[in-house]
Amino acid sequence: QVQLVESGGGLVQAGGSLRLSCAASGRTTSSYAMGWFRQAPGKEREFVAGITRGGGTTLYADSVKGRFTISRDNAKNILYLQMNSLKREDTAVYYCAADRLPLIATTVDEYDYWGPGTQVTVSP
């Protein structure tokens with residue numbers, strides 16, 4: 001089992017950048033494929049980015065491709081999401097998640113563990 005806690009959210013102007021972190025405790029993150037999801041008010045939780053156990057393969061939602069970068073440091077048990085060129089529509093609560101299976105999953109049901117989330121608000 002693994003416990004996840006996100007940090008790094010906040011208020012940023014459109015066009016700005018933020019870096020989210022997800023610290024894991026318990027079982028090492030190298031045992032899990034990892035992902036970032038987000039949920040805006042009144043909307044369903046959606047996939048943002050995913051990364052395989054070793055970090056060799058990544059996958060992004062079309063809406064963030066070219067602006068966001070997912071990475072991981074398995075030695076530190078930390079997952080990152082670098083977010084550049086932020087837009088108002090990126091405003092949401094961002095969640096990290098861990099999947100016991102090795103492939104990158106893109107749906108909520110496929111992930112086994114979740115953090116509590118961190119708020120990202122992009123102002124005009």
Side-chain angles (χ1 to χ4, degrees):
Q1 191 168 350
V2 62
Q3 293 78 42
L4 305 172
V5 179
E6 304 90 342
S7 62
L11 176 65
V12 63
Q13 286 189 328
S17 298
L18 280 176
R19 188 176 80 158
L20 304 184
S21 298
C22 173
S25 60
R27 195 170 180 182
T28 58
T29 55
S30 59
S31 299
Y32 303 91
M34 303 288 292
W36 286 99
F37 285 72
R38 66 186 181 187
Q39 188 166 17
K43 294 188 177 182
E44 293 187 352
R45 194 169 298 189
E46 64 174 3
F47 173 79
V48 173
I51 189 167
T52 49
R53 292 172 177 173
T57 301
T58 58
L59 181 67
Y60 297 92
D62 288 343
S63 59
V64 306
K65 201 173 294 182
R67 300 188 298 122
F68 290 11
T69 302
I70 187 172
S71 61
R72 64 192 301 165
D73 185 336
N74 285 339
K76 296 181 179 178
N77 282 343
I78 300 178
L79 176 73
Y80 300 101
L81 185 67
Q82 178 67 44
M83 304 187 296
N84 299 329
S85 302
L86 282 161
K87 305 176 182 180
R88 290 199 67 187
E89 51 263 43
D90 295 319
T91 294
V93 177
Y94 282 72
Y95 301 88
C96 69
D99 181 3
R100 288 174 291 182
L101 296 179
L103 300 178
I104 297 173
T106 61
T107 62
V108 171
D109 292 347
E110 294 177 278
Y111 283 82
D112 301 292
Y113 305 103
W114 291 85
T118 186
Q119 176 71 47
V120 172
T121 303
V122 183
S123 63

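Values below: all heavy atoms of this structure, side chains included; hydrogens, waters and symmetry mates excluded. Numbers here simply count residues along the sequence, with the first being 1.
For A40, the side-chain contact (heavy atoms from CB on, under 4.5 Å) test picks out K43, A92, with sequence neighbours left out. Applying the side-chain contact (heavy atoms from CB on, under 4.5 Å) rule to V5 yields no partners; only residues at least two apart in sequence or on another chain are considered.
Between F37 and W114, a ring centre-to-centre spacing shorter than 6.0 Å is recorded.
Taking CZ of R72 as the start and SG of C22 as the end, the distance is 10.0 Å to the nearest 0.5 Å. Between L79 atom CG and S21 atom OG the span is 8.5 Å, to the nearest 0.5 Å. How far CG of L4 is from SG of C96: 4.5 Å, rounded to the nearest 0.5 Å. For the atom pair CD of E46 and OG1 of T107, the computed distance is 13.5 Å after rounding to the nearest 0.5 Å. In this structure, the separation between OH on Y111 and CG on L101 is 10.0 Å, given to the nearest 0.5 Å. N77 contributes atom CG, which lies 10.5 Å from atom OH of Y32 (distance to the nearest 0.5 angstrom).
Using cut-offs of 30° and 60° for the angle between ring planes, the Y94 and F68 rings count as tilted.
Transitive grouping of hydrophobic side chains (ILVMFWY, heavy atoms separated by less than 4.5 Å) keeps V108 and Y60 in distinct clusters. Both M34 and W36 sit in one connected hydrophobic cluster of ILVMFWY residues. Membership requires side-chain heavy atoms under 4.5 Å apart, directly or through other members. Hydrophobic clustering keeps I51 apart from L59 (ILVMFWY residues linked when any side-chain heavy atoms are closer than 4.5 Å, directly or through intermediates). Residues I78 and L20 do not share a hydrophobic cluster, clusters being chains of Ile/Leu/Val/Met/Phe/Trp/Tyr side chains in contact below 4.5 Å. In this structure, L81 is a member of the same hydrophobic cluster as Y113, with clusters built from ILVMFWY side-chain heavy atoms closer than 4.5 Å.
Scanning all heavy atoms of the two residues, the minimum distance from S85 to S17 falls at N-OG, 4.3 Å. When all heavy atoms of L18 and L86 are compared, the closest pair comes out as N-CD1, 3.9 Å.
In this structure, the side chain of T91 engages the main chain of V122 through a donor-acceptor pair within 3.5 Å. A side-chain donor-acceptor contact under 3.5 Å links R53 to the backbone of S31. Not a single donor-acceptor pair under 3.5 Å links the side chain of S30 to the backbone N or O of N74.
Listed by first then second residue, pairs satisfying salt bridge (Lys or Arg N to Asp or Glu O under 4.0 Å) with a partner in residues 89-116 read R38-D90, R67-D90, R100-D112, not counting sequence neighbours.
S123 is listed as a side-chain neighbour of Q13, based on a closest heavy-atom distance under 4.5 Å. Annotation: side chain of F47 is in contact with side chain of I104 (closest heavy-atom distance under 4.5 Å). Counting only heavy atoms from C-beta outward, the side chains of E6 and P116 approach each other to under 4.5 Å.
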